Amino acid sequence: MVLPLPLPQLFTYKIPDQLVDTVSAGCRIIVPFGQRKFVTGVVRSIHQHAPASYQTKELIDVLDVTPTMNAYQFKFMDWMAEYYLCAPGEVLQAALPSGFKLSSESMIQLNPLFQEASVDLTEKERRIIQELRSNTLSYKDISKLIDQSSVQPIIKLLIQKQAILLFEEVKEKYSPKIISKIRLADQYTTPHALANLMQELDKKPRQQEVLMRYLQEVPVIQTPGANIPGIEKTFFTASGLSTSSLQTLIKNKVFEAFEEVISRLSYRADEKKSVVELSEQQEAAKESILLQLDTKDSVLLHGVTGSGKTEIYIDLIKRSIDNGSQALLLLPEIALTTQIVQRLEEYFGDRMGVYHSKFSDNERVEVWRGLQEGRYDFIVGVRSSVFLPFTHLGLIIIDEEHEASYKQQDPAPRYNGRDAALMLARIHNAKTVLGSATPSIESRDAALKNRWGYVPLLNRYGNVSLPEIRLADMRVERKNKTVQQGFSLTLLSAIRETIANKKQVIIFQNRRGYAPMLECEDCGNIPMCTSCSVSLTYHQFSHELRCHYCGFTRKVPQKCDSCSSHRLKTVGSGTERIEDELQILLPEARIRRMDLDTTRKKNSFAELITAFSQHEIDILIGTQMVTKGLDFANVELVGVYDADRMLYFPDFRAIERTYQMIVQVSGRAGRKSGEGKVIIQTAQPEHPVFAFIKNNDYDGFFTRELYEREMYHYPPFTRVTHISVLHLDKKEALKTAHGLTAKLKDAIGSKRILGPQVASIEKLRNYYHIELFIKLEKDIKGLQSIKNKIASIVQNEHTLHIGSKGRIIIDTDQN
DNA sequence: AGCACGCCGACT
DNA sequence: GTCGGCGTGCTC
Ligand SMILES: [Zn+2]
Ligand SMILES: [Zn+2]
């Protein structure tokens with residue numbers, strides 16, 4: 001079996017005789033593990049080979065009647081553990097919604113044989129015993145009760161005195177949602193019986209009232225079937241009727257009380273639209289996709305922003321479902337909005353399951369079960385939906401295929417949802433369609449080399465023109481002193497004109513807060529985070545300095561930490577400042593901001609979207625959030641506040657990212673009218689990336705970028721594995737990293753290793769980061785054995801030199 | 001990962 | 001004296 005723990009191996013347990021018939025591969029079982037009494041794991045296989053080298057324990061219980069996981073999932077998870085060099089248990093941890101795991105807790109109960117008079121008790125002990133007479137308690141409860149952190153000694157003593165008993169309480173985390181309902185007892189559902197009953201109740205007006213209300217709501221005689229589902233009990237309390245009368249009616253068997261398990265997932269209207277209306281261009285693209293899928297497993301759909309890729313997806317998904325297969329649509333987290341979900345619901349109704357990371361555990365369990373029970377044949381979801389229990393997947397669509405957020409960053413498995421989905425498709429023998437307006441270099445390359453099919457959509461839906469893109473040369477404007485509060489005259493006058501025409505504006509700046517740093521004008525000191533080597537971002541609204549990496553906050557200092565000067569200035573601009581300053585420049589404009597800080601509350605995102613779409617906002621300032629999937633007909637101007645920042649990230653994808661980000665946000669302009677304008681503020685207008693963006697020249701951009709990648713041996717020509725050594729002590733981190741580098745060079749060749757070097761952010765959450773890169777050629781024999789070698793060297797180095805003061809992270813296909 | 005064991009510093 | 005810190009080792 002697999003346990004959801006970061007351990008490399010599987011574990012073998014004995015199945016007790018009485019459970020033999022109930023266990024099968026894929027079932028969740030509870031086992032004792034080490035000192036832990038109950039751990040939930042999943043059965044991988046059942047065999048008859050009793051291990052010779054150790055004693056097996058018996059499993060305790062089986063949680064499932066039907067297995068939670070199937071063989072496709074195992075195959076997929078095995079691939080993932082191997083490819084991303086992590087433990088099978090780590091993959092399981094990522095795959096299983098935590099609602100599937102058991103929670104277990106030690107509970108304390110009073111020993112029924114305990115005689116209080118027979119022993120001496122301290123004051124604290126007495127208080128605990130007193131409380132235990134009415135309740136069972138957890139360790140935490142007791143700690144609270146006696147206001148003391150260590151309770152272990154007291155508990156030990158009480159056990160010795162035979163006052164209490166310990167037991168382990170295990171519960172399934174998932175709990176179905178149950179509602180209490182009532183319905184009329186069967187015998188009263190005929191007109192005659194009902195009339196008699198009414199008469200009997202003549203002298204009991206309250207009860208009669210309740211019955212009347214029920215009949216109003218459930219016309220038992222006219223629609224006989226209506227009595228079966230009954231009505232929620234809370235209906236009566238809500239409408240102010242006497243609950244005691246209702247209780248009496250239930251007691252007298254007039255009403256029958258029963259419970260019903262209901263879904264947490266809101267019921268959706270049945271599908272209304274059965275066919276998608278495709279434009280000529282879309283129809284042609286769809287036909288081309290289908291044709292290419294005859295001979296290829298994957299097709300890249302390269303459609304400019306606003307070309308209507310979603311309709312094509314819908315058509316393809318419908319087709320796949322009609323063939324009796326399941327379909328999966330993957331979206332980046334920020335793109336899975338209610339807007340898109342509602343649009344899909346119109347076509348797929350309740351045959352569609354939504355798998356979102358914002359869902360509660362219980363909801364995720366319900367989607368998982370729903371898929372198993374055949375209630376869904378189409379799932380729209382984020383990265384982690386690749387783990388769902390599909391049984392006959394026919395089509396996977398990966399939208400916004402280029403998105404970096406498809407890569408899981410921190411806990412292992414550090415998988416790329418796109419690449420994992422491609423593997424999932426292979427396992428199911430399914431087809432894959434990857435969509436993007438700005439395909440990743442890797443994907444375009446795969447299509448160009450004929451491994452994948454390729455379908456371009458060159459025009460926007462309805463032949464609407466692409467926006468006109470202009471550059472605002474900040475160097476020239478600064479020299480001419482036409483820059484106000486960071487806004488070039490070019491951009492500012494365009495904003496004015498757009499608002500005057502009653503159209504809307506989006507301003508994009510990929511940085512939240514007011515200003516990325518505070519600086520002392522006298523000594524140049526910059527307040528830094530105490531745990532990270534980054535400056536603290538100034539947040540005006542909350543009036544604090546905040547670290548965007550670890551969350552550390554402090555009050556805004558009144559004077560410099562080092563020289564006590566009061567002359568502190570803000571440096572740089574985040575969305576909050578831009579909002580502020582633009583309001584000063586345009587006092588009449590209705591300006592709002594959309595970033596992590598303004599959308600933290602539950603419905604704030606939806607509210608902003610609604611307000612903007614109803615034109616209650618003229619200018620929306622935002623971070624990445626405004627680049628994806630938003631479809632506002634009235635937006636005619638997009639301003640990119642600072643295009644240069646992203647270009648200089650120390651990362652081989654910096655240019656690709658810049659290109660994608662700007663093209664995506666530009667795509668918000670003029671989606672309906674075709675009158676869209678984009679203005680990009682840059683101090684380097686001669687940088688080639690801007691010419692490609694301006695001329696909508698993806699191919700030019702691609703060719704140049706591919707050449708660079710080949711020159712410098714980066715993907716798609718190589719595979720980059722990134723290794724970070726984390727340690728609380730910088731010297732130790734460096735020492736280990738150097739040692740590791742030497743061993744790796746020795747094992748797989750020195751020209752494949754780059755580094756070690758201090759990471760671009762040296763310290764994060766008090767851990768020093770030293771990194772090194774391993775570049776492996778694209779198509780080499782024995783790739784997996786080289787990777788395994790790397791993993792075992794890393795593992796070794798970790799146990800030898802790191803211990804618990806740090807860790808070493810392997811990131812396959814870093815991005 | 002979590003849990004126990006074991007070995008050293010600073011408190012009643 | 002012992003309480004509690006964390007380094008180390010193990011889990012079928
Ligand atoms: Zn100073
Ligand atoms: Zn920090």
Side-chain angles (χ1 to χ4, degrees), chain A residues 1-16 19-20 23 25 27-62 77 81 84-98 100-107 122-124 138-140 142-143 146-157 159-160 166-170 173 410-414 726-729 732-733 736 766-767 794-810:
Chain A
M1 66 172 304
V2 211
L3 291 166
L5 302 172
L7 299 170
Q9 72 279 53
L10 302 180
F11 295 89
T12 303
Y13 283 83
K14 187 177 182 312
I15 307 172
L19 292 176
V20 167
V23 191
C27 286
R28 291 175 302 145
I29 56 175
I30 308 173
V31 295
F33 186 68
Q35 310 300 317
R36 279 172 278 183
K37 294 191 180 75
F38 306 107
V39 181
T40 316
V42 173
V43 179
R44 278 303 305 262
S45 69
I46 295 168
H47 59 79
Q48 328 294 335
H49 320 292
S53 54
Y54 56 87
Q55 193 88 64
T56 54
K57 290 183 181 173
E58 282 197 349
L59 66 90
I60 295 171
D61 209 352
V62 183
M77 288 163 62
Y84 291 103
L85 301 175
C86 68
E90 290 175 308
V91 180
L92 182 68
Q93 176 77 27
L96 275 188
S98 59
F100 275 132
K101 282 162 234 158
L102 286 184
S103 58
S104 96
E105 197 174 14
S106 296
M107 298 295 283
T122 65
E123 166 56 27
K124 279 176 183 172
S138 68
Y139 276 65
K140 249 189 229 146
I142 291 184
S143 156
I146 59 174
D147 194 28
Q148 180 178 319
S149 64
S150 67
V151 292
Q152 193 65 43
I154 294 187
I155 289 173
K156 245 184 197 162
L157 225 66
I159 294 173
Q160 269 170 29
L166 269 181
F167 70 104
E168 212 62 23
E169 194 174 75
V170 184
K173 275 195 190 162
D410 199 28
R414 296 179 174 77
L726 276 60
H727 205 286
L728 291 165
D729 183 80
E732 283 298 314
T736 313
N766 287 320
Y767 283 92
V794 166
Q795 179 64 45
N796 230 336
E797 215 61 7
H798 184 265
T799 43
L800 267 139
H801 301 291
I802 296 270
S804 58
K805 279 188 173 153
R807 44 197 200 124
I808 307 181
I809 294 169
I810 309 180

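Quick caveat, the model's predicted, so the values are computed rather than measured. In what follows, every chain begins at residue 1, and chains take the letters A, B, ... in the order their sequences are listed.
Other residues, nucleotides and ligands contribute only 12 or fewer heavy atoms inside 6.0 Å of the NZ atom of A:K805.
The two residues A:L96 and A:K101 come nearest to each other via the heavy atoms O-NZ, 3.7 Å. The heavy-atom pair separating A:F100 from A:R28 by the smallest distance is O-NH1, 2.6 Å. Closest heavy-atom contact between A:E797 and A:T736: CG-CG2, 4.0 Å.
Computed from coordinates, the A:I15 CD1 to C:dC12 C1' distance equals 13 Å when rounded to whole Å. In this structure, the CZ atom of A:F11 is 13 Å from the C1' atom of B:dG2, given to the nearest Å. Going from atom NZ of A:K37 over to atom P of B:dG2 covers 16 Å, rounded to whole Å. Between A:F38 atom CZ and B:dG2 atom C1' there is a gap of 16 Å when expressed in whole angstrom units. Per the geometry, NE2 belonging to A:H798 stands 13 Å off P belonging to C:dG7, to the nearest Å. Regarding A:Q9, its CD atom lies at a distance of 12 Å from the P atom of C:dC10, rounded to whole Å. In this structure, A:F33 atom CZ and B:dA4 atom P are separated by 14 Å, rounded to whole Å. Between A:H801 atom NE2 and C:dT8 atom P there is a gap of 13 Å when expressed in whole angstrom units.
Relative to the side chain of A:S804, the nucleotides C:dC12, C:dT8, B:dA1 differ in distance, and C:dT8 lies closest.
As judged by a 4.0 angstrom heavy-atom cut-off over every strand, A:L3 is placed among residues making no nucleic acid contact. Contacts of A:Q55 with the nucleic acid, taken as non-hydrogen atoms under 4.0 Å apart, involve only primed sugar atoms and P, OP1 or OP2. Using a 4.0 Å heavy-atom criterion, one finds that A:T12 contacts the bases of the nucleic acid, with or without backbone contacts as well. Within the nucleic acid shown, A:P4 has no heavy atom closer than 4.0 Å to any nucleic acid atom.
Considering CD1 of A:I29 and CG of A:L59, their distance stands at 4.5 Å, rounded to 0.5 Å.
For the pair A:Q35 and A:E90, both in contact range of DNA chain B, the more 5′-proximal nearest nucleotide belongs to A:E90.
When the side-chain nitrogen and oxygen atoms of A:Y13 are compared with OP1 and OP2 of C:dC12, one or more of them lie within a distance under 4.0 Å.
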